[in-house]
A.B. asks: 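I have a structure I would like to understand better, so I am pasting it below and will then ask my questions one at a time.
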Amino acid sequence: MAIYTITDFESIYLTSQLPEEISFETEADSLKVNIYMNNYKVFSSDYYPYYGEVIVREIRSLVEAFLEERRLCLGTMKIVATEIVQSQPDITYDDDGNIVYDYDNQSEEADTETIDNIKVVYSRFKSTDESSNFLDSYFLTNRKSALIPRSGQLKLNNYTRANAKSYNTAYIYYSRSASPGVISTYHNNMNSVQSTTEKIVSVTLTHRSFKQIVDQALGISCKVHGVEYQIGDREFNIFFTDEEPTDVFSFFNAFNIEERAYLFGATTIKTEIDRSEAVCGEYTQYYDEKVKTKYEVETAPLTIDEAKWLNQMLTSNLVKHGMEDGSFEDVLISDITSEITNSDKDLIRLKFSWKYADGNEWI
């Protein structure tokens with residue numbers, strides 16, 4: 001008996017735009033459905049058709065759970081539906097007249113329908129564009145610009161097809177040391193193939209790297225103020241500042257990709273002491289003392305895009321705080337106050353508290 005896929009599939013999806021359900025048509029009494037991610041079986045169940053149709057739901061949660069656990073952004077999904085035809089055992093009689101059942105051929109595999117090589121990119125956001133158009137047009141972040149210190153770095157990630165040619169260009173806005181008030185533009189083109197395989201490509205951008213491009217091309221010593229960075233149809237604006245951030249955090253964004261947040265604002269350190277008191281005669285002694293330190297952060301005024309992007313950090317399941325030696329330690333975010341307004345009169349500031357996940361204090 002044949003089995004057919006009713007649901008149409010594209011070659012690539014944002015996980016948020018995967019079909020809500022998958023339907024199969026079959027005349028069999030039962031159908032086994034297996035779902036694989038990167039060749040790992042993540043789901044298996046028997047289904048019994050209703051009027052010849054089997055419907056599998058909640059595919060998205062299975063796919064996202066697999067990618068989240070492994071900190072992956074891109075994966076390959078395969079769905080296999082198999083009909084099992086139940087056959088009757090062969091019945092024979094032995095020399096004494098007893099009935100003998102032969103179960104060696106009790107069941108045999110019937111037709112199999114496979115939905116194979118479906119690429120999925122983790123995303124908590126939906127897009128009005130089709131998944132393939134979105135991935136060809138945007139970086140894997142929901143912000144379009146970033147303010148970073150000249151000592152910092154920015155990682156931009158994008159999906160690329162195998163051997164796809166990318167028109168990579170940067171408009172670098174700089175000033176010369178001799179005339180710091182005059183802003184000039186240097187246009188740098190880099191046409192290249194990002195990857196010979198289908199993958200998520202990451203590029204690290206710094207003030208130093210852009211300064212080096214201009215200095216070597218023009219034979220000067222410059223200071224870079226900003227960059228319009230493009231890969232194909234993707235665009236991102238970078239602004240550099242001499243101001244050092246009050247806090248640096250690392251977190252996994254809505255595409256399950258690690259990003260770095262440089263926060264400018266104020267941090268208040270609050271210490272809570274929980275202890276017991278014992279009195280012996282006229283002498284009092286504290287014991288079983290526990291010290292808890294919490295950091296309360298209020299950001300500098302933010303744009304709407306910056307605030308929406310930082311909301312991902314406040315709700316991320318893995319956030320780390322930058323240490324003086326450049327390493328990062330796990331922290332827990334709490335006491336979140338996030339109110340984003342489009343009013344021109346009100347400034348947008350986010351407030352939250354954090355503490356080290358291991359309960360220790362770091363020097």
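Note that this is a predicted model, so its numbers are computed, not measured. All values below come from the heavy atoms of this structure, side chains included, with hydrogens, waters and symmetry mates left out.
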A.B. asks: Any non-hydrogen side-chain atom of R150 less than 4.5 Å from a side-chain atom of K211?
C.D. replies: no
A.B. asks: Would a distance-only check, ignoring hydrogens and angles, find a side-chain to backbone donor-acceptor pair under 3.5 Å from R124 to N256?
C.D. replies: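 Not at all, since once roles are kept as given, no pair shorter than 3.5 Å links the two residues.
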A.B. asks: Restricting to non-hydrogen atoms, name the atom on Q312 and the atom on A254 that form the minimum distance, rounded to 0.1 Å.
C.D. replies: OE1-N, 2.7 Å
A.B. asks: With distance as the sole criterion, is a donor-acceptor pair present between the side chains of S327 and D325 under 3.5 Å?
C.D. replies: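 Side chains of S327 and D325: pair found under 3.5 Å.
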A.B. asks: Any non-hydrogen side-chain atom of L314 less than 4.5 Å from a side-chain atom of F251?
C.D. replies: no
A.B. asks: Would you indicate whether the side-chain heavy atoms of I79 and F9 approach each other to under 4.5 Å?
C.D. replies: yes
A.B. asks: Within the side chain of N38, is there an N or O that forms a donor-acceptor pair under 3.5 Å with the backbone of Y40?
C.D. replies: no
A.B. asks: Ignoring hydrogens, what is the shortest heavy-atom contact between L154 and R143? Give both atom names and the distance.
C.D. replies: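 Here L154 and R143 meet closest at CD1-NH2, 3.4 Å.
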A.B. asks: Kindly work out whether a path of hydrophobic side-chain contacts (I/L/V/M/F/W/Y, heavy atoms less than 4.5 Å apart) joins L318 to W309.
C.D. replies: no
A.B. asks: Report yes or no: do S131 and E10 form a side-chain donor-acceptor pair below 3.5 Å?
C.D. replies: no
A.B. asks: Considering all heavy atoms of both residues, which atom of E64 and which atom of S16 are nearest to each other, and what is their separation?
C.D. replies: OE2-N, 4.2 Å
A.B. asks: So, do T160 and K199 sit near enough that their side-chain heavy atoms are less than 4.5 Å apart?
C.D. replies: yes
A.B. asks: In sequence, state the C-alpha distance, the side-chain angles, and the governing distance for F210 and I238, and then conclude on side chain to side chain contact (heavy atoms under 4.5 Å, CB included).
C.D. replies: CA-CA 11 Å; F210 289 116; I238 308 168; 4.2 Å; yes
A.B. asks: Backbone N or O of Q230 within a donor-acceptor pair of the N168 side chain at under 3.5 Å?
C.D. replies: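 Between the backbone of Q230 and the side chain of N168 there is a qualifying donor-acceptor contact (under 3.5 Å).
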A.B. asks: Taking the inter-plane angle between the rings of F255 and F125 on a 0 to 90° scale, is it parallel (under 30°), tilted (30 to 60°) or perpendicular (over 60°)?
C.D. replies: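 Because their plane-to-plane angle is over 60°, the rings of F255 and F125 count as perpendicular.
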A.B. asks: Is there a path from I269 to V331 through hydrophobic residues (I, L, V, M, F, W, Y) whose side chains come within less than 4.5 Å of each other?
C.D. replies: yes
A.B. asks: Side chain to side chain contact (heavy atoms under 4.5 Å, CB included) between D346 and E339: does it pass, once the steps are laid out?
C.D. replies: CA-CA 11 Å; D346 299 322; E339 297 179 357; over 6 Å; no
A.B. asks: Checking side-chain polar atoms at under 3.5 Å, does Y356 have a donor or acceptor matched by the opposite partner on E329?
C.D. replies: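 No, no side-chain donor-acceptor pair sits under 3.5 Å.
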A.B. asks: Within the distance-only criterion (no hydrogens, no angle test), does the side chain of T241 pair as donor or acceptor with the backbone N or O of I148 below 3.5 angstrom?
C.D. replies: no
A.B. asks: Taking atom types as modelled and ignoring hydrogens, do the side chains of E244 and S151 form a donor-acceptor contact shorter than 3.5 angstrom?
C.D. replies: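 On atom types as modelled, these side chains qualify, holding a pair under 3.5 Å.
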A.B. asks: Closest heavy-atom contact between V63 and V120?
C.D. replies: CG1-CG2, 3.8 Å
A.B. asks: How long is the gap from CD on E235 to NZ on K144, to the nearest 0.5 Å?
C.D. replies: 9.0 Å
A.B. asks: Between L310 and L263, is there a side-chain heavy-atom distance shorter than 4.5 Å?
C.D. replies: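 Yes, side chains in contact.
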A.B. asks: Out of curiosity, does V80 fall in the hydrophobic cluster containing M77 (side-chain heavy atoms, cut-off under 4.5 Å, transitive links)?
C.D. replies: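 No; tracing contacts between hydrophobic side chains, which count when under 4.5 Å, never links both residues.
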A.B. asks: For N39, look at atom CG and say whether over 12 heavy atoms of other residues, nucleotides or ligands are found less than 6.0 Å away.
C.D. replies: no
A.B. asks: Does R260 qualify as a cation-pi partner of F328, given the criterion of NZ or CZ under 6.0 Å from the six-membered ring centre and within 45 degrees of its axis?
C.D. replies: no
A.B. asks: Can N311 and S338 be counted as having a side-chain donor-acceptor contact under 3.5 angstrom?
C.D. replies: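 The criterion, which ignores hydrogens and geometry beyond distance, is satisfied for S338 and N311.
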A.B. asks: A side-chain contact here means heavy atoms from C-beta on lying under 4.5 Å apart; do C73 and V121 qualify?
C.D. replies: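 Touching, per the 4.5 Å side-chain cut-off.
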A.B. asks: Side chains of T204 and Q153: any donor to acceptor distance under 3.5 Å?
C.D. replies: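 Per modelled atom types, Q153 and T204 side chains form no pair under 3.5 Å.
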A.B. asks: Heavy atoms, side chains only, cut-off 4.5 Å: are L156 and I231 in contact?
C.D. replies: no
A.B. asks: How long is the span from the CG atom in L147 to the OH atom in Y262, to the nearest 0.5 Å?
C.D. replies: 11.0 Å
A.B. asks: Quick one: does any side-chain atom of H207 pair with a main-chain N or O of P149 as donor and acceptor, under 3.5 Å?
C.D. replies: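 Side chain of H207 to backbone of P149, a donor-acceptor pair under 3.5 Å: no, none is there.
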A.B. asks: Does the S137 side chain pair with the main chain of N133, one donor and one acceptor, at a distance under 3.5 Å?
C.D. replies: yes
A.B. asks: Could you tell me which non-hydrogen atom of P180 sits nearest to which non-hydrogen atom of S177, and how far apart they are?
C.D. replies: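 Looks like CD-O, 3.6 Å.
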A.B. asks: If you take all heavy atoms of S175 and S179, which pair is closest and at what distance?
C.D. replies: CB-O, 4.0 Å
A.B. asks: Angle between ring planes, F43 versus Y47, binned at 30° and 60°: parallel, tilted or perpendicular?
C.D. replies: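 Tilted: the ring planes of F43 and Y47 meet at 30° to 60°.
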A.B. asks: Could you tell me whether the side chain of Q17 and the main chain of L14 form a donor-acceptor pair under 3.5 Å?
C.D. replies: no
A.B. asks: More than 12 foreign heavy atoms under 6.0 Å from CZ of R70: is that the case here?
C.D. replies: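 Atom CZ in R70 is crowded, with more than 12 foreign heavy atoms closer than 6.0 Å.
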A.B. asks: So does C222 get a backbone contact from the side chain of D215, meaning a donor-acceptor N/O pair under 3.5 Å?
C.D. replies: yes
A.B. asks: Starting from Y186, can I reach L205 by hopping between I/L/V/M/F/W/Y residues whose side chains sit under 4.5 Å apart?
C.D. replies: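 Result: yes, single cluster for both.
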A.B. asks: For S23, is there any backbone N or O sitting under 3.5 Å from a side-chain donor or acceptor partner on T7?
C.D. replies: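 Pair found, side chain donor or acceptor close to backbone of S23.
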A.B. asks: Applying a strict under-4.5 Å side-chain criterion to I, L, V, M, F, W and Y, I'd like to know whether I304 and L347 cluster together.
C.D. replies: no
A.B. asks: Do K119 and T76 touch side chain to side chain, with heavy atoms closer than 4.5 Å?
C.D. replies: yes
A.B. asks: Quick one about Y167 and N189 (side-chain donor to acceptor, distance below 3.5 Å, no hydrogens or angles considered), yes or no?
C.D. replies: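 Y167 and N189 do have a side-chain donor-acceptor pair below 3.5 Å.
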A.B. asks: In Å and rounded to the nearest 0.5 Å, what is the CG to CG distance from L74 to N157?
C.D. replies: 11.5 Å
A.B. asks: Here's a test for you: under side chain to side chain contact (heavy atoms under 4.5 Å, CB included), which of I220, V227, T185 qualifies with Y174?
C.D. replies: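 Among I220, V227, T185, the one meeting side chain to side chain contact (heavy atoms under 4.5 Å, CB included) with Y174 is I220.
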A.B. asks: Spell out, as yes or no, whether a donor-acceptor pair under 3.5 Å connects the side chain of T299 to the backbone of G265.
C.D. replies: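 No, T299 side chain to G265 backbone: no donor-acceptor pair under 3.5 Å.
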A.B. asks: What do the steps show when you test I12 against Y159 for side chain to side chain contact (heavy atoms under 4.5 Å, CB included), and what is the final call?
C.D. replies: CA-CA 11 Å; I12 189 167; Y159 162 81; 3.4 Å; yes
A.B. asks: Enter the distance from L135:CG to L140:CG here, rounded to the nearest 0.5 Å.
C.D. replies: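 Between L135 CG and L140 CG, I get 6.5 Å after rounding to 0.5 Å.
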A.B. asks: As an exercise, state the distance from NZ of K351 to OG1 of T268, rounded to the nearest 0.5 Å.
C.D. replies: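 Rounded to the nearest 0.5 Å, the NZ-OG1 separation comes to 10.0 Å.
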A.B. asks: With side chain to side chain contact (heavy atoms under 4.5 Å, CB included) as the criterion, how do E258 and S202 come out once you've worked through the C-alpha distance, each side chain's angles and the decisive distance to 0.1 Å?
C.D. replies: CA-CA 11 Å; E258 191 170 8; S202 178; over 6 Å; no
A.B. asks: Between CG of L62 and CD1 of I35, what distance do you get to the nearest 0.5 Å?
C.D. replies: 5.5 Å
A.B. asks: Just checking Y36: does its OH atom have more than 12 heavy atoms from other residues, nucleotides or ligands closer to it than 6.0 angstrom?
C.D. replies: yes
A.B. asks: Check this for me: does any side-chain nitrogen of one of K355 and D335 sit under 4.0 Å from a carboxylate oxygen of the other?
C.D. replies: no
A.B. asks: Hey, which of Y171, Y229, Y173 is the one that makes ring pair (Phe, Tyr, Trp, His ring centres under 6.0 Å) with H187?
C.D. replies: Y171
